Number of protein chains: 2
Amino acid sequence: MKRPTIKDVAKEASVSIATVSRILNNGTGYSDKTRQHVLNTIERLGYSPNAIARGLISKQSNTIGVLFPDVSGLISAEILQGIEEAAHAQEFSVIVCKTDSDGKKTMDNLRLLHEKQVEGIIFTSQMLTNEYASFIEKMGVPVITVSSYSEKEGIPAVKVDDEAAACDAVRYLISQQHTQIGMISGPPTDPLAGTPRINGYKRALEEAGIEYDESKVAWDSGFYFEHGEIAFSKLHELHPQLTALFAASDELGVSAISCAYDLGLRVPDDLSIIGYDGTRLAKMSNPPLTTVSQGFEEMGRKSAELLFESIETGEPSPGAAIQHRIVERKSVKKK
Amino acid sequence: MKRPTIKDVAKEASVSIATVSRILNNGTGYSDKTRQHVLNTIERLGYSPNAIARGLISKQSNTIGVLFPDVSGLISAEILQGIEEAAHAQEFSVIVCKTDSDGKKTMDNLRLLHEKQVEGIIFTSQMLTNEYASFIEKMGVPVITVSSYSEKEGIPAVKVDDEAAACDAVRYLISQQHTQIGMISGPPTDPLAGTPRINGYKRALEEAGIEYDESKVAWDSGFYFEHGEIAFSKLHELHPQLTALFAASDELGVSAISCAYDLGLRVPDDLSIIGYDGTRLAKMSNPPLTTVSQGFEEMGRKSAELLFESIETGEPSPGAAIQHRIVERKSVKKK
DNA sequence: TTGTACGCGTTATCAA
DNA sequence: TTGATAACGCGTACAA
């Protein structure tokens with residue numbers, strides 16, 4: 001008892017497959033009577049069209065691919081949520097791939113997506129290298145990066161201006177009368193989340209006439225909670241007098257809250273902390289984390305919408321600059 | 001400049017498409033010389049096979065579909081991570097769908113997956129109704145549920161025994177000399193995460209000879225952080241004397257920590273709290289949340305592995321019972 | 001060792 | 001209003 005094909009329907013209904021096809025694709029040219037008849041036998045046989053066969057001839061897979069370095073975190077989840085919603089609205093499916101920030105796996109996934117004839121690619125939270133970019137260019141489908149960065153010029157991106165956002169975060173701290181401000185971060189050499197945020201921190205300080213002291217930005221190998229513990233302890237050892245802290249991610253910020261608590265420092269009374277990202281995590285910490293929000297779900301949705309535009313028009317997308325905003329909660333002491 | 005097909009390669013290399021095909025599928029029957037020649041022109045033309053055409057003839061899409069009620073949370077993310085890893089190992093792609101726990105959307109997605117010829121389906125965190133089950137049965141592909149529940153008998157599942165796990169959580173509280181134990185939950189009528197966990201709570205109490213008092217389990221409409229605030233305040237109003245609390249999710253647990261703090265209660269000194277789920281969130285709270293872990297990533301991986309077995313053998317999977325375990329952190333006062 | 005030709009399930013272009 | 005039939009890109013039995 002195989003899956004019925006259009007042929008089976010045609011035979012059963014004693015019409016040609018062409019007629020069935022027309023009825024299926026609300027084409028024109030058939031009587032209402034045959035239409036009803038065919039629709040009935042379709043129902044009776046439980047027929048449903050084969051998108052693979054359809055895709056072969058139409059050259060459309062109605063599928064896009066999304067690459068994440070890691071899918072298990074909140075950032076990926078929120079981005080994906082936005083993408084899925086936009087895709088569903090266009091009757092597209094989304095294939096998710098995890099790259100582990102690993103070059104080989106990334107290329108593997110790209111090749112796979114190419115073979116599966118995806119019509120567009122969303123590249124998230126990971127640098128789009130020249131190698132990847134030129135491969136995708138050969139694929140001949142549009143790409144867009146989300147919360148990411150491209151080696152090559154002219155690749156559309158959906159992202160916030162990290163330096164400006166970081167700068168605003170620190171300005172906010174300064175506006176609350178803080179002058180002793182430290183920072184914890186991931187690797188300063190990270191071109192996505194490291195360098196620009198540190199530069200923003202620096203800029204805000206200089207604007208305010210506060211001397212920038214490199215030793216006040218402590219970092220570890222990443223932006224997760226676990227890294228925060230290490231970075232924070234480095235910082236606190238060197239500069240116990242700090243009254244405010246800019247954390248380059250929400251996880252780092254939450255981690256700092258925990259560390260501060262363990263050291264007997266009260267947040268925000270003894271130490272004010274502002275995070276970065278605006279994930280759900282921030283509102284769940286104790287105290288709730290003031291943070292600068294990127295709006296990941298919205299970024300996901302936006303990126304998918306732009307990608308679909310690009311798929312339809314054939315024109316490359318201009319990308320979109322996303323506005324960050326500061327979400328005030330309770331981890332910064334208000335003056 | 002279209003995408004080159006096997007025909008182009010054949011023409012360019014002056015061989016037949018059959019030969020190219022054989023070489024591609026490491027079949028047998030060609031000289032080393034032609035092999036090299038063909039491989040070279042493939043490289044030169046940048047040819048890559050079309051999985052859609054291939055799938056049409058082989059009747060294999062090398063794709064599975066995963067349904068989530070909501071993809072933006074940590075639970076989904078962790079499950080998906082496990083699934084993706086297992087799928088990648090089998091050279092399968094995974095299509096994610098969001099259902100919003102909405103019957104129509106779920107059926108829409110199921111239909112779409114059917115048309116796209118997915119070879120299996122993973123159903124997560126949402127009841128598999130008879131309607132869904134019979135549709136999938138008609139599809140003729142294996143299903144497996146993760147952290148979920150099926151109306152129909154005989155559907156393989158990967159899940160922990162919620163009642164037993166909840167019972168263990170409360171036993172743990174009792175083992176730390178607690179007798180005044182409350183619970184916050186989502187809807188008691190929820191067959192996935194509501195009823196069984198409340199039953200576990202009840203059982204542990206009865207085992208220990210502690211009287212079960214219905215008014216000590218407070219709930220709101222869901223298991224998220226926001227719901228916890230409401231449930232907790234209901235509970236605290238009625239029973240301010242409680243010394244311990246079982247929260248039916250990590251988010252509820254973390255929410256309780258925040259609420260307790262706001263009321264001036266110290267955790268764990270004045271109030272011990274144990275959560276449920278074992279997501280990354282639990283370790284990031286302040287204090288870190290003791291919880292009973294389900295191991296979502298592992299569940300995701302396991303479910304995918306079982307699904308692939310089922311796809312290969314054609315036999316329905318037996319499913320798998322996952323062991324929960326209590327992860328001790330700092331939200332429960334140790335005696 | 002290699003090539004020809006058919007079929008997978010559809011859509012689309014012709015004629016009828 | 002309908003029905004043959006040629007594609008789409010590929011795998012494979014069969015013939016050479």
Side-chain angles (χ1 to χ4, degrees), chain A residues 1-39 41-42 45-63 111-112 114-119 139-140, chain B residues 1-39 41-42 45-63 111-112 114-119 139-140:
Chain A
M1 174 118 146
K2 313 164 30 222
R3 180 176 179 140
T5 75
I6 197 172
K7 237 183 236 171
D8 300 319
V9 175
K11 189 180 298 175
E12 187 73 12
S14 314
V15 296
S16 75
I17 59 171
T19 302
V20 179
S21 179
R22 282 188 203 103
I23 294 175
L24 246 40
N25 302 285
N26 53 14
T28 167
Y30 44 76
S31 68
D32 225 35
K33 191 175 129 228
T34 53
R35 187 185 125 85
Q36 267 314 320
H37 181 52
V38 168
L39 252 31
T41 68
I42 283 179
L45 264 49
Y47 166 81
S48 93
N50 181 330
I52 291 205
R54 187 176 271 179
L56 181 58
I57 187 158
S58 72
K59 293 180 176 315
Q60 302 196 331
S61 60
N62 280 270
T63 303
R111 257 186 291 269
L112 191 68
H114 183 40
E115 296 188 0
K116 297 234 164 136
Q117 318 292 113
V118 297
E119 297 184 48
M139 287 178 62
Chain B
M1 175 122 143
K2 313 167 28 225
R3 178 175 181 141
T5 74
I6 198 173
K7 235 184 239 173
D8 300 319
V9 176
K11 191 180 299 176
E12 187 73 11
S14 315
V15 297
S16 73
I17 60 169
T19 303
V20 179
S21 178
R22 284 186 202 104
I23 293 175
L24 246 40
N25 303 285
N26 53 14
T28 168
Y30 45 77
S31 70
D32 226 33
K33 193 175 126 229
T34 53
R35 184 185 127 86
Q36 267 314 319
H37 180 53
V38 168
L39 252 32
T41 69
I42 283 179
L45 264 48
Y47 166 81
S48 92
N50 181 330
I52 290 205
R54 186 178 271 179
L56 182 58
I57 185 163
S58 71
K59 294 179 175 314
Q60 304 196 329
S61 60
N62 279 271
T63 303
R111 259 185 290 270
L112 191 68
H114 183 41
E115 294 188 1
K116 296 234 165 137
Q117 319 291 114
V118 297
E119 298 185 48
M139 287 177 63

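So you know, we letter chains A, B, ... as the sequences are listed, proteins then strands, and number each from 1. Predicted model, so just to flag it, every value in this text is computed and none were measured.
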Chemist: Looking at residues at least two apart in the chain, or sitting in another chain, which of them share a side chain to side chain contact (heavy atoms under 4.5 Å, CB included) with A13(B)?
Modeler: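 With neighbours one apart ignored, the set is V15(B), H37(B), V38(B), T41(B).
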
Chemist: Tell me, which pairs form a salt bridge (Lys or Arg N to Asp or Glu O under 4.0 Å) where one or both residues lie in residues 20-34 of chain A, sequence neighbours left out?
Modeler: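 As it turns out, there is no salt bridge (Lys or Arg N to Asp or Glu O under 4.0 Å) pair with a partner in residues 20-34 of chain A once direct neighbours are skipped.
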
Chemist: Taking side chain to side chain contact (heavy atoms under 4.5 Å, CB included) as the test, write out the residues that go with R111(A), two or more places apart.
Modeler: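 If we apply the side chain to side chain contact (heavy atoms under 4.5 Å, CB included) test to R111(A), skipping adjacent residues, the hits are M107(A), D108(A), F135(A).
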
Chemist: Using side chain to side chain donor-acceptor pair (under 3.5 Å) as the criterion, list what pairs up with S16(A), not counting sequence neighbours.
Modeler: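 Checked S16(A) against side chain to side chain donor-acceptor pair (under 3.5 Å); matches are T19(A).
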
Chemist: Using the side chain to side chain donor-acceptor pair (under 3.5 Å) criterion, which residues pair with T63(A)? Sequence neighbours excluded.
Modeler: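 Checked T63(A) against side chain to side chain donor-acceptor pair (under 3.5 Å); matches are K116(B).
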
Chemist: Within the structure provided, determine whether I23(A) and I42(A) are in side-chain contact (heavy-atom separation under 4.5 Å).
Modeler: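 No, side chains not in contact.
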
Chemist: Return the angle between end axes of the helix from dT1(C)-dA16(D) to dA16(C)-dT1(D), with five pairs used per end and rounding to 10°.
Modeler: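 Between the axes fitted at each end of the helix from dT1(C)-dA16(D) to dA16(C)-dT1(D) lies an angle of 50°.
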
Chemist: Give every pair of a protein N or O atom and an N or O atom of nucleotides 9-12 of chain D that lie under 3.5 Å apart, one pair per line with the distance.
Modeler:
{"residue": "dG9(D)", "atom": "OP1", "partner": "K59(A)", "partner atom": "NZ", "Å": "2.7"}
{"residue": "dC10(D)", "atom": "OP1", "partner": "Y47(B)", "partner atom": "OH", "Å": "2.7"}
{"residue": "dC10(D)", "atom": "OP1", "partner": "N50(B)", "partner atom": "N", "Å": "3.0"}
{"residue": "dC10(D)", "atom": "OP2", "partner": "I6(B)", "partner atom": "N", "Å": "2.4"}
{"residue": "dG11(D)", "atom": "OP1", "partner": "N25(B)", "partner atom": "OD1", "Å": "3.3"}
{"residue": "dG11(D)", "atom": "OP1", "partner": "N25(B)", "partner atom": "ND2", "Å": "3.4"}
{"residue": "dG11(D)", "atom": "OP1", "partner": "R54(B)", "partner atom": "NE", "Å": "2.7"}
{"residue": "dG11(D)", "atom": "OP1", "partner": "R54(B)", "partner atom": "NH2", "Å": "3.2"}
{"residue": "dG11(D)", "atom": "OP2", "partner": "S21(B)", "partner atom": "OG", "Å": "3.1"}

Chemist: Could you work out, with side chain to side chain contact (heavy atoms under 4.5 Å, CB included) as the rule, every residue matching K7(B), not counting sequence neighbours?
Modeler: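 For K7(B), the residues satisfying side chain to side chain contact (heavy atoms under 4.5 Å, CB included) (neighbours in sequence not counted) are T5(B), I17(B).
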
Chemist: What residues form a side chain to side chain donor-acceptor pair (under 3.5 Å) with S58(B), not counting sequence neighbours?
Modeler: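 Counting only residues at least two positions away or on another chain, S58(B) forms no side chain to side chain donor-acceptor pair (under 3.5 Å).
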
Chemist: First contact, last contact: which nucleotides of DNA chain C are these for chain B, 5' to 3', heavy-atom distance under 4.0 Å?
Modeler: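 Contact span on the strand: dT1(C) to dG9(C).
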
Chemist: Who are the side chain to side chain donor-acceptor pair (under 3.5 Å) partners of E115(A), not counting sequence neighbours?
Modeler: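 Checked E115(A) against side chain to side chain donor-acceptor pair (under 3.5 Å); zero matches.
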
Chemist: If you define the side chain from C-beta out and look only at heavy atoms, does anything of N25(B) sit under 4.5 Å from R54(B)?
Modeler: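 When only atoms from C-beta onward are counted, R54(B) and N25(B) do touch, with a gap below 4.5 Å.
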
